[in-house]
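Below is one structure, written out as structure tokens; the observations come after it.
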Amino acid sequence: MGVRQKAGRLLAALVVFACGLYAAPKAAAAFKNVQAGTEAPAFKLADLSGNEVSLDSFKGDNAVLVVFWATWSARSLDELRDVQKLVAEYGPKGLKAVAVNVEHEHATDDDLRMIREKSASLHLTYPVLLDKGLDTFRNYGVVAVPSTGVLSRGNLLRDAFNGYLSFVYLELKGQVEELLGLKPKETAVAAKADTSHKPTRAALLNYNLGRRLYAFGMGDKAEPKLRAAAAADPKWAAPNVLLGEVLLSLSRKDPGKVGEAKAAFEAAVASEEGNVVARTGLARVYWLSGQGTEAEREADAALKSGATYPPAMLLKASILARKGDVPGAEKLIRGAIELNPKDPATHALAGRAYEEAKDLRKAAAMYRKAWELNGEN
């Protein structure tokens with residue numbers, strides 16, 4: 001079987017996974033299943049001493065940081081160190097933090113030893129939890145490691161970040177100060193108003209049902225629920241973002257759905273111009289339709305909103321590769337893989353970019369790695 005045939009089979013197997021992984025509203029350049037203004041999914045996980053820690057126990061706290069990390073991610077260690085600084089400074093004033101380790105699906109004794117050693121070396125005073133089986137990782141829909149959620153009272157997601165770029169520390173510091181009431185909004189360091197949209201109850205109910213149906217592979221049944229959610233709250237981008245993804249998945253059997261997907265993504269962008277996932281979805285529609293100039297425009301807009309969003313990075317890589325800028329494409333591929341080296345969809349999309357570059361050897365290697373990771377997961 002040729003490389004292209006193998007690639008086609010692999011992409012067919014992963015396409016629903018990849019689409020679902022990256023279908024998300026604004027605060028979910030980090031999480032796909034948690035929307036700004038809604039309650040973060042509860043979890044109960046064991047810490048390094050075997051004691052169970054529940055996220056519900058933090059509901060009465062005004063500011064909580066939830067960090068998803070792994071020892072194989074250098075940026076994770078930088079963030080854990082910085083979060084410790086914040087806890088040392090603001091812990092007495094009410095800040096809480098938890099670090100959820102997402103090392104591997106099945107952590108070995110060596111993995112656990114490394115987790116303990118890294119945690120001890122950083123002198124962390126906040127809980128380090130073990131996400132065995134990665135159930136919490138998947139429930140949140142983490143798209144890169146590290147990823148961080150900023151929760152307000154009631155465990156409501158205020159904001160989320162992935163990749164831990166240099167500016168994130170000041171963002172976290174500013175939001176913590178604001179949530180703890182230490183500075184007014186207009187003077188908090190790097191503070192920004194909490195403008196996250198609060199969806200209507202009908203929209204939220206239909207969206208959650210549609211998301212669950214799509215997660216179980218029932219896109220045809222998810223579609224009407226997501227349309228109902230979008231109609232119930234036109235100002236909320238999330239239903240149209242996921243609707244666009246669903247319609248793209250259904251377009252494999254019904255090509256007419258591509259136009260409907262474009263309309264859904266456009267509606268999402270209209271309600272939230274900076275939504276990185278909506279912009280990326282719209283770019284994908286243009287790319288699939290052979291409109292390279294328009295695809296690049298939207299990919300650039302997505303990267304302007306979220307420079308570390310892997311699907312946007314990898315679509316831009318494909319665009320650059322087709323234009324002959326292989327070094328530029330490879331830089332984006334390396335950056336995307338660094339953000340989430342254990343993600344099969346990221347490697348599959350990287351393989352597609354290498355195909356555009358006509359480098360079938362590297363494309364095959366990426367597809368092979370995606371297949372191996374998909375089997376592990």
So, do Leu65 and Lys96 sit near enough that their side-chain heavy atoms are less than 4.5 Å apart? no

I'd like to check Leu86 versus Leu172 (side-chain heavy atoms, cut-off strictly below 4.5 Å). Are they in contact? yes

Hydrophobic cluster identity match, Leu288 and Tyr286, side-chain contacts under 4.5 Å: yes

Other residues, nucleotides, ligands: >12 heavy atoms within 6.0 Å of Lys316 NZ: yes

Do Leu242 and Leu204 belong together in a cluster built from hydrophobic side chains that touch within less than 4.5 Å? yes

State whether the side chain of Asn206 and the backbone N or O of Ala202 hold a donor-acceptor pair below 3.5 Å, judged by distance alone. yes

Contacts of type side chain to side chain contact (heavy atoms under 4.5 Å, CB included), residue Lys221, not counting sequence neighbours: Leu213, Met218

Is Glu260 salt-bridged to Arg227, going by a charged N under 4.0 Å from an acidic O? yes

For Leu151 and Leu156: C-alpha separation, side-chain torsions, deciding distance, then whether side-chain contact (heavy atoms from CB on, under 4.5 Å) applies. CA-CA 5 Å; Leu151 310 186; Leu156 297 181; over 6 Å; no

Is a donor on one side and an acceptor on the other found under 3.5 Å between the side chain of Arg158 and the backbone of Val150? no

Applying side-chain contact (heavy atoms from CB on, under 4.5 Å) to Ser318 and Leu314, what does each step give before you reach the verdict? CA-CA 6 Å; Ser318 287; Leu314 291 166; over 6 Å; no

Whether Arg322 engages the ring of Trp287 as a cation-pi pair (distance to the six-membered ring centre under 6.0 angstrom, angle to the ring normal within 45°) should be assessed. yes

Nearest 0.5 Å, what's the OG-CG distance between Ser152 and Asn62? 8.5 Å

Could you check whether Glu79 pairs with Arg75 (Lys NZ or Arg NE/NH1/NH2 to Asp/Glu carboxylate O, under 4.0 Å)? no

Please report the shortest heavy-atom distance between Gly94 and Asp61, naming the atom on each side. O-OD1, 4.4 Å

State, with a plain yes or no, whether a side-chain heavy atom of Phe68 is found less than 4.5 Å away from one of Asn101. no

Given 3.5 Å as the limit, does a donor-acceptor pair link the side chain of Ser305 with the main chain of Gly274, or not? yes

Let me confirm one number: the OG1-CD distance from Thr308 to Glu338, rounded to the nearest 0.5 Å. 11.0 Å

For atom CD of Glu273, decide whether the heavy atoms of other residues, nucleotides or ligands shown that lie under 6.0 angstrom number more than 12. no

Looking at Leu55 and Pro41, what are the two nearest heavy atoms and their distance? CD2-O, 3.4 Å

State, yes or no, whether a side-chain contact exists between Val241 and Trp236 at a heavy-atom distance under 4.5 Å. no

Please name the pair of heavy atoms, one in Pro310 and one in Leu339, separated by the smallest distance, quoted to 0.1 Å. CG-CD1, 4.2 Å

Hey, does the side chain of Ser49 reach the backbone of Asn51 with a donor-acceptor pair shorter than 3.5 angstrom? no

Does the Arg368 side chain pair with the main chain of Ala363, one donor and one acceptor, at a distance under 3.5 Å? no

Please walk me through it: do Tyr169 and Lys85 pass side chain to side chain donor-acceptor pair (under 3.5 Å)? CA-CA 10 Å; Tyr169 176 75; Lys85 294 178 185 177; 5.9 Å; no

Does any N or O in the side chain of Asp111 come within less than 3.5 Å of the main-chain N or O of Thr108, such that one atom is a donor and the other an acceptor? yes

Would you say Ser147's side chain and Ala144's backbone share a donor-acceptor pair under 3.5 angstrom? yes

Please answer: with hydrophobic residues joined when any side-chain heavy atoms are less than 4.5 Å apart, are Ile337 and Leu320 in the same cluster? no

The test is side-chain contact (heavy atoms from CB on, under 4.5 Å); show your working for Asn155 and Phe58 and say whether it passes. CA-CA 7 Å; Asn155 288 346; Phe58 298 101; 4.0 Å; yes

How close do Ala321 and Ala353 get, counting heavy atoms only, and between which atoms? CB-O, 3.6 Å

Any side-chain heavy-atom pair from Asp110 and Met114 closer than 4.5 angstrom? no

Which heavy atom of Glu298 sits nearest a heavy atom of Arg279, and at what distance? OE1-NH1, 2.8 Å

Applying ring pair (Phe, Tyr, Trp, His ring centres under 6.0 Å), name anything that partners Tyr354, two or more places apart in sequence or on another chain. none

Between the side chains of Arg297 and Asp300, is the shortest nitrogen-to-carboxylate-oxygen separation below 4.0 Å, so that they form an ion pair? no

Candidate pair Glu245 and Arg284, rule salt bridge (charged side-chain N to carboxylate O under 4.0 Å, His left out), full reasoning: CA-CA 10 Å; Glu245 298 289 348; Arg284 287 168 53 213; 2.8 Å; yes

Nearest 0.5 angstrom please: Lys118 NZ to Arg113 CZ, how far? 10.5 Å

For a 4.5 angstrom cut-off between non-hydrogen side-chain atoms, does Asp82 reach Tyr164? yes

Do Glu103 and Lys132 sit within salt-bridge range, that is, some charged N less than 4.0 Å from a carboxylate O? no

To the nearest 0.5 angstrom, please state how far the OG atom of Ser76 sits from the CG atom of Leu122. 10.5 Å

Can Met366 be reached from Ile319 by stepping across I, L, V, M, F, W or Y side chains whose heavy atoms are under 4.5 Å apart? no

Do Tyr309 and Leu303 make a side-chain contact, defined as non-hydrogen atoms from C-beta onward lying under 4.5 Å apart? no

Lys257 vs Arg252, side-chain contact (heavy atoms from CB on, under 4.5 Å): CA-CA, chis, key distance, verdict: CA-CA 9 Å; Lys257 295 288 186 181; Arg252 296 194 300 277; over 6 Å; no

Checking Tyr90 against Lys173: is there a side-chain donor and acceptor pair closer than 3.5 Å? yes

Any chain of hydrophobic side-chain contacts (each under 4.5 Å) joining Tyr207 to Leu243? yes

Heavy-atom distance under 4.5 Å between the side chains of Val53 and Leu45, does that happen here? no

What are the two closest non-hydrogen atoms of Gly210 and Ala222, and how far apart are they? O-CB, 3.3 Å

With no hydrogens and no angle check, do the side chains of Glu355 and Tyr367 hold a donor and an acceptor under 3.5 Å apart? yes

Is it the case that the side chain of Ser119 and the backbone of Arg116 share a donor-acceptor pair, with hydrogens and angles ignored and the cut-off at 3.5 Å? no

Give a yes or no on whether a salt bridge exists between Lys235 and Glu272, defined as a side-chain N under 4.0 angstrom from a carboxylate O. no

Taking the inter-plane angle between the rings of Phe43 and Tyr140 on a 0 to 90° scale, is it parallel (under 30°), tilted (30 to 60°) or perpendicular (over 60°)? tilted

Atom CG in Asn275, atom CG in Leu282: separation rounded to 0.5 Å? 11.0 Å

Quick one: pull up CG in Leu247 and CZ in Phe265 and give me the separation to the nearest 0.5 Å. 8.0 Å

Counting only N and O atoms by type, is there a donor-acceptor contact under 3.5 Å from the side chain of Asp233 to the main-chain atoms of Thr200? yes

Backbone N/O of Gly328 and side chain of Asp325: donor-acceptor pair under 3.5 Å: yes

